[in-house]
Amino acid sequence: MPSISNKGRHMPASPIRKLVPYAEAAKKRGTHVIHLNIGQPDIKTPKVALDAVRNHNIEVLAYSMTEGSEQYREKIAAYYAKKDIQVSAKEIIVTTGGSEALSFAMGTIMDAEDEIIIPEPFYANYNGFATAAGVNVVPIPSSIETNFALPPIAEFEKLITSKTKAILICNPGNPTGYLYSKEEILQLAEMVKKHNLFLIADEVYREFTYEGRTHYSILQVEGLEEHAIVVDSVSKRYSMCGARIGCLVSKNREVIQTALKFAQARLSPPTFAQIASEAALETPQEYFDAVIEEYVSRRNVLISELQKLEGVKVAVPQGAFYCVVELPVEDADDFAQWLLEDFELDGNTVMVAPAAGFYATPGLGKNQIRIAYVLEKEQLVKAVQILGKALTKYNAR
Ligand SMILES: Cc1ncc(COP(=O)(O)O)c(C=O)c1O
């Protein structure tokens with residue numbers, strides 16, 4: 001039989017995928033599974049976006065421009081201007097989700113064997129994009145003890161080699177919920193300038209910041225124009241994960257020109273989804289106010305319930321809708337599987353994402369899980385009750 005590639009062999013599977021068969025089996029047994037493991041918001045997509053698709057009378061669903069429709073990019077630039085980010089339509093490439101923006105970014109600036117430093121725990125798919133690009137991820141640990149704040153710059157500098165091309169951050173963070181402060185961003189900016197590196201910021205959760213905190217984008221840093229690359233997406237912002245629209249933004253012309261060649265190879269981003277995403281930009285601020293209020297109250301309920309459990313430590317998220325929780329178990333992978341295979345409370349159990357898959361350093365995060373609070377509060381309370389009872393039973397075995 002012809003053989004597959006080494007790259008294919010090394011392509012990481014999703015860290016939660018291996019639990020899916022156990023969740024399916026639990027459901028077949030009649031157990032209700034509460035999903036704390038997925039980042040699919042249950043919030044409704046703005047009506048303006050759906051109406052734009054419903055009311056369209058397109059006769060030929062043609063390709064769009066490779067870089068996305070000009071009208072849409074102009075409106076994205078206007079959206080950024082409202083966030084105090086000055087970019088023009090020419091500095092934006094519309095992509096098929098933030099995912100494609102991430103792979104374009106890596107392809108554009110990195111060759112095989114180059115290194116990218118990423119604070120861990122990080123969004124697990126970064127491993128997949130890095131593997132596809134032949135790039136090596138160099139993790140730098142952040143800690144639950146500091147709420148996953150930016151590691152000291154000196155620690156980054158210890159990891160910089162002649163192969164280092166970029167630092168990648170996610171702000172606010174999935175899975176940490178940490179929101180980097182302006183000071184932290186400025187420290188990173190100084191460092192990348194000093195070492196002549198790119199700084200890629202995945203800002204797909206930009207809107208989701210809590211308690212009046214404001215998001216500070218790397219595109220707002222003066223003097224960072226040639227280094228900064230932003231990855232963005234409509235998926236979470238407008239609860240439009242299925243639209244598959246995102247963008248790559250940079251003021252570095254060479255980056256945009258090169259990324260455009262990668263974009264040309266896939267012809268165009270989806271046409272209908274751009275129509276929906278363009279209309280989504282008209283979403284009234286009240287929509288976001290209501291969504292943020294909902295997430296804050298979910299977060300508060302979740303955190304206060306978790307803090308009642310003995311031996312459980314939780315990093316309080318300041319943004320996005322995830323948190324990392326340390327459990328009084330040795331192996332959260334085993335616990336997560338056991339929850340699905342061997343435990344139920346009144347016909348219910350929970351599915352969590354073991355956090356080890358969000359770390360690149362072997363052994364880190366072994367006793368941690370990631371929870372996504374994209375469920376209603378009653379479900380979250382019930383889920384934590386189940387977790388509490390399950391932990392007692394699991395540790396008494
Ligand atoms: C941090 C982060 N970046 C990027 C993505 C990719 O999103 P999409 O391709 O749907 O835009 C996700 C999706 O969950 C994410 O959590």
Side-chain angles (χ1 to χ4, degrees), residues 84-85 102 105-106 108-110 113-124 126-127 129-130 135-206 209 213-232 249-252 255 315-320 322 324 355 358-365 368:
D84 206 17
I85 297 169
L102 279 159
M106 289 201 192
T108 296
I109 62 170
M110 305 185 76
E113 304 299 318
D114 279 347
E115 294 172 359
I116 184 163
I117 302 176
I118 316 179
E120 63 181 349
F122 56 76
Y123 175 52
Y126 294 159
N127 281 319
F129 300 122
V135 161
N136 293 326
V137 169
V138 177
I140 174 162
S142 65
S143 163
I144 197 166
E145 307 301 336
T146 60
N147 249 355
F148 300 106
L150 188 74
I153 293 296
E155 297 300 312
F156 279 92
E157 290 189 317
K158 281 185 200 158
L159 298 174
I160 294 174
T161 69
S162 57
K163 291 197 175 295
T164 310
K165 286 302 293 283
I167 311 285
L168 168 58
I169 57 165
C170 182
N171 191 30
N174 171 10
T176 63
Y178 189 79
L179 179 71
Y180 291 119
S181 65
K182 181 175 176 182
E183 288 66 37
E184 286 170 312
I185 297 293
L186 293 179
Q187 284 173 25
L188 276 171
E190 277 314 304
M191 176 182 63
V192 296
K193 280 195 288 182
K194 180 171 152 196
H195 296 278
N196 203 21
L197 305 174
F198 284 102
L199 179 59
I200 307 176
D202 178 339
E203 299 186 354
V204 305
Y205 296 98
R206 178 183 301 109
T209 62
R213 289 185 178 85
T214 44
H215 178 264
Y216 186 70
S217 170
I218 61 165
L219 293 169
Q220 288 172 283
V221 185
E222 244 172 79
L224 200 65
E225 292 78 7
E226 300 303 321
H227 302 260
I229 302 175
V230 159
V231 167
D232 214 336
V249 190
S250 181
K251 296 184 89 65
N252 179 319
V255 164
V316 181
Q318 303 149 339
Y322 307 95
V324 175
F358 298 92
Y359 287 84
T361 303
L364 284 189
Q368 298 175 352

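The structure presented is a predicted model; accordingly, all values stated were derived computationally and were not measured. Each residue takes its place number in the sequence, starting with 1.
Within the model, atoms CD1 of Ile169 and OG of Ser142 stand 12.0 Å from one another, a figure rounded to the nearest 0.5 Å. The distance from atom NZ of Lys165 to atom CD1 of Ile117, rounded to the nearest 0.5 Å, is 13.0 Å. Of the inter-residue distances, the one linking Leu219 atom CG with Asp84 atom CG reads 11.5 Å to the nearest 0.5 angstrom. Atoms CD1 and CD1, from Ile116 and Ile109 in turn, are 6.0 Å apart once rounded to the nearest 0.5 Å. To the nearest 0.5 angstrom, Arg213 atom CZ is 4.0 Å from Gln318 atom CD. The line from OG1 of Thr164 to CG of Leu159 is 8.0 Å long, rounded to the nearest 0.5 Å.
Listed by first and then second residue, the ring-ring contact (aromatic ring centres under 6.0 Å, His included) pairs that reach into residues 136-173 come to none, sequence neighbours excluded.
Annotation for Pro175 and Tyr322: closest pair O-CB, 3.4 Å, computed over non-hydrogen atoms. The shortest non-hydrogen separation linking Tyr205 to Ala320 is CG-CB, 3.8 Å. The shortest non-hydrogen separation linking His215 to Thr209 is CB-CG2, 4.1 Å. Heavy-atom minimum distance, Pro141 versus Pro151: O-CG, 3.6 Å. Looking at every heavy atom in both residues, Ile144 comes nearest to Val324 through CD1-O, 3.8 Å. Contact record, Glu226 with Lys251: OE2-O, 4.5 Å, taken as the closest heavy-atom pair.
Counting heavy atoms from C-beta outward, Asn174 and Val204 have side chains that stay 4.5 Å or more apart. Looking only at side-chain heavy atoms (C-beta outward), Phe198 and Val255 come within less than 4.5 Å of each other. The shortest side-chain heavy-atom distance between Leu179 and Tyr216 does not fall under the 4.5 Å cut-off. At a threshold of 4.5 Å between non-hydrogen side-chain atoms, the residues Asn196 and His227 count as touching. Contact of the Asp202 side chain with the Phe122 side chain is not registered, since no non-hydrogen atoms from C-beta on lie closer than 4.5 Å. A 4.5 Å side-chain heavy-atom check between Leu168 and Met106 finds at least one atom pair inside the cut-off. Looking at Ile229 and Val249, their side chains never come closer than 4.5 Å, going by heavy atoms from C-beta outward. Between Lys182 and Gln220, the closest side-chain pair of non-hydrogen atoms is not below 4.5 Å.
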- Message: Apply side-chain contact (heavy atoms from CB on, under 4.5 Å) to residues Gln368 and Tyr359 and explain how you reach the verdict.
- Response: CA-CA 11 Å; Gln368 298 175 352; Tyr359 287 84; 2.6 Å; yes
- Step-by-step side-chain contact (heavy atoms from CB on, under 4.5 Å) determination, Thr361 to Glu120: CA-CA 8 Å; Thr361 303; Glu120 63 181 349; 2.5 Å; yes
- Criterion side-chain contact (heavy atoms from CB on, under 4.5 Å) on Arg206 and Ile85, from CA distance to verdict: CA-CA 12 Å; Arg206 178 183 301 109; Ile85 297 169; 4.2 Å; yes
- Message: Using the rule given for side-chain contact (heavy atoms from CB on, under 4.5 Å), can you reason through Leu199 versus Met191, listing the C-alpha separation, both sets of side-chain angles and the distance that settles it, and then say yes or no?
- Response: CA-CA 10 Å; Leu199 179 59; Met191 176 182 63; over 6 Å; no
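Just one residue in the list Ile140, Ile118, Val192, Ile200 forms a side chain to side chain contact (heavy atoms under 4.5 Å, CB included) with Ile167, and that residue is Val192.
Under the 3.5 Å distance criterion, the side-chain polar atoms of Glu115 are left unmatched by any main-chain donor or acceptor of Val138. Not one N or O on the side chain of Glu190 forms a donor-acceptor pair closer than 3.5 Å with the backbone of Gln187.
Ring planes of Tyr178 and Tyr180: perpendicular class, angle over 60° (limits at 30 and 60°).
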